[in-house]
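Here the structure comes first, spelled out in structure tokens, and everything after it is commentary.
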Amino acid sequence: MPSVDDAPSADMPADAPVIVWFRNDLRLSDNPALSHAVASGRPVLCLFVHDPQHAREHALGAAAQWWLDGGLRALHADLARMGAVLHVACGDALALVPRMAAQAGAAEVVWNRRYDPLGRETDTAIKATLKHAGVIAHSFAAGVLYEPWTVRTRAGDAFRVFTAWWRAARASGEPLPPLPAPGHVHAAVSPGAWEGCCVGIDALRLVPVSPDWAGGLREAWQPGEAQARDRLHHFVDGGLGGYADARDRPDLPATSRLSPDLRFGHISPRQAWHAAVAAVRGGAAGGMGEQDLEKFLSELGWRDFAVSLLYAQPELVSCNFRTEFDAMPWRNDARDLCAWQQGRTGYPIVDAGMRQLWRTGWMHNRVRMIVASFLTKHLLCDWRMGEAWFRDTLVDADIASNVINWQWVAGCGVDAAPYFRVFNPVLQARRFDPDGTYVRRWVPELAGVPTSCVHAPWTCDPAIRARVAYPSPIVDLQGGRARALAAWKGLSDAPHEDA
DNA sequence: TTTACTTTGGG
DNA sequence: CCAAAGTAA
């Protein structure tokens, strides 16, 4: 998998094109595959392949498809400014990419690596097919700070604990400085034979039409590399002041909001890393923001850690890391799940988060943990149900982060200790949304409720309650917690490795 | 990346 | 009485 030097096709004419196959790297800067293609001196063909079947079965939910539409349009426009064209095909990449390479008489196909199980399988097969056909296939590292196989224990195993993994990763050196965007792309003439399979972005039908539920997404986001760069600079320009603490506050604009940009590669984690380091260490603040910087870098690290765990164990997309959880007596109550999805649980912080997700395709990180704990603990719903909902509704939905973090919250993942993570949604809300600003923003029914009871409206004065149309709690917190701990204890009685 | 319950010590 | 600190799960 690490970069391979393939037999050079010396017999290829000098004007045989290079195909840059874009996937989760919709950007021009710090794009090693694109830079390699430009540096080769050959004419360049830029290609994106959408596989609806693959997308349906694997992690490209409806909200992420909406983002992809905007991301492709932005990349198309950015490439056009460089003098190049983004060719958009629709179908099975395994069949299309080798065929299109042959039709174009391509000397080389290049891409930036992906690490999810299905992506790896597809890319390995395509690489073999291309090589067999005498076309050079070359892949690059661009989507992570540290590729999964580069961080290993002394015994050569994968790490299972973040802090140990992070120490080893950082000891392997600083991530490479980002590459500049090419100044100009020498585009190849579009092969006539590509007409048949290149359909254009509209034809992918990535955007919802009837009903058009994406209004909230359009208000909240503008996909694209330029917008990602703006978000990054807006975030780091303040020197990350207070990030370490304020990042937990959903009522404050303290997080980077870069998750969808990283998911689709409008920005690379290396760019985020180096921009943050430069802003803090280069700034006048001296060592002041060091703690905030470390916190932000470690959040980038968590993203890589999830990738490396899934790389080591692809079955974690659907199997419990701790197999004793296979016996968990999930209730999976359909009405509970529905109330959770729609933000009608009667717990304001949970409902606010779920409504923010539905409306904007994104949820604050702290609130993600609260709603996930509530679903898997208090409602005793299988984490896979929550994972599927997040996958379909988050614009930043990423297989590795999604499954690893859901397993972590549910207690069946690495670094698990289930009883540590029964979040009390009322206490969490009081601590991290002390004025109720976040809750009132997303649950407008509670706008007139005083702060003293906004996170637990059933405790309000009856006169206030009577004026507020807001559901009663669907589960008792104490009872739900006790039920979850009892279910977990039932598993613990069975033999397992550690506590 | 927690909670809930107990103990302690100051008022 | 209450907050802070300790601790078990």
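The sequence lines fix the lettering, A, B, ..., with proteins before strands; numbering per chain opens at 1. Every value quoted in this text rests on a predicted model; they were computed, and no experiment measured them.
Residue A:Q478 places no side-chain N or O under 4.0 Å from the OP1 or OP2 atom of B:dT3. Between A:N424 and B:dT2 there is no side-chain N or O to OP1 or OP2 distance below 4.0 Å. Between A:R249 and B:dT1 there is no side-chain N or O to OP1 or OP2 distance below 4.0 Å.
Counting only heavy atoms from C-beta on, A:R431 has its side chain closest to B:dT2 among B:dT1, B:dT2, B:dA4. Here B:dT2 is the nucleotide among B:dT1, B:dT2, B:dA4 with the atom lying nearest to any side-chain atom of A:Q428. Closest to the side chain of A:L427, out of B:dT2, B:dT1, B:dA4, is B:dA4.
A cation-pi arrangement is not found for A:R257 relative to A:F235, the charged atom failing to lie both closer than 6.0 Å to the ring centre and inside a 45° cone about the ring normal. A:R263 forms no cation-pi arrangement with A:W67, by the criterion of a distance under 6.0 Å to the ring centre and an angle within 45° of the ring axis.
Scanning for ring pair (Phe, Tyr, Trp, His ring centres under 6.0 Å) contacts around A:W21 gives A:W111, with sequence neighbours left out.
The aromatic rings of A:W358 and A:W389 lie parallel to each other, their planes meeting at an angle below 30°, with 60° marking the opposite boundary.
Between A:L477 atom CG and B:dC5 atom C1' the separation is 17 Å, expressed in whole Å. Here B:dA4 presents its P atom at 8 Å from NE2 of A:H378, a figure rounded to the nearest Å. If you measure from atom CZ of A:R366 to atom C1' of B:dT1, you get 5 Å, rounded to the nearest angstrom.
A:R247 comes within 4.0 angstrom of no nucleic acid atom, judged by non-hydrogen atoms across all strands.
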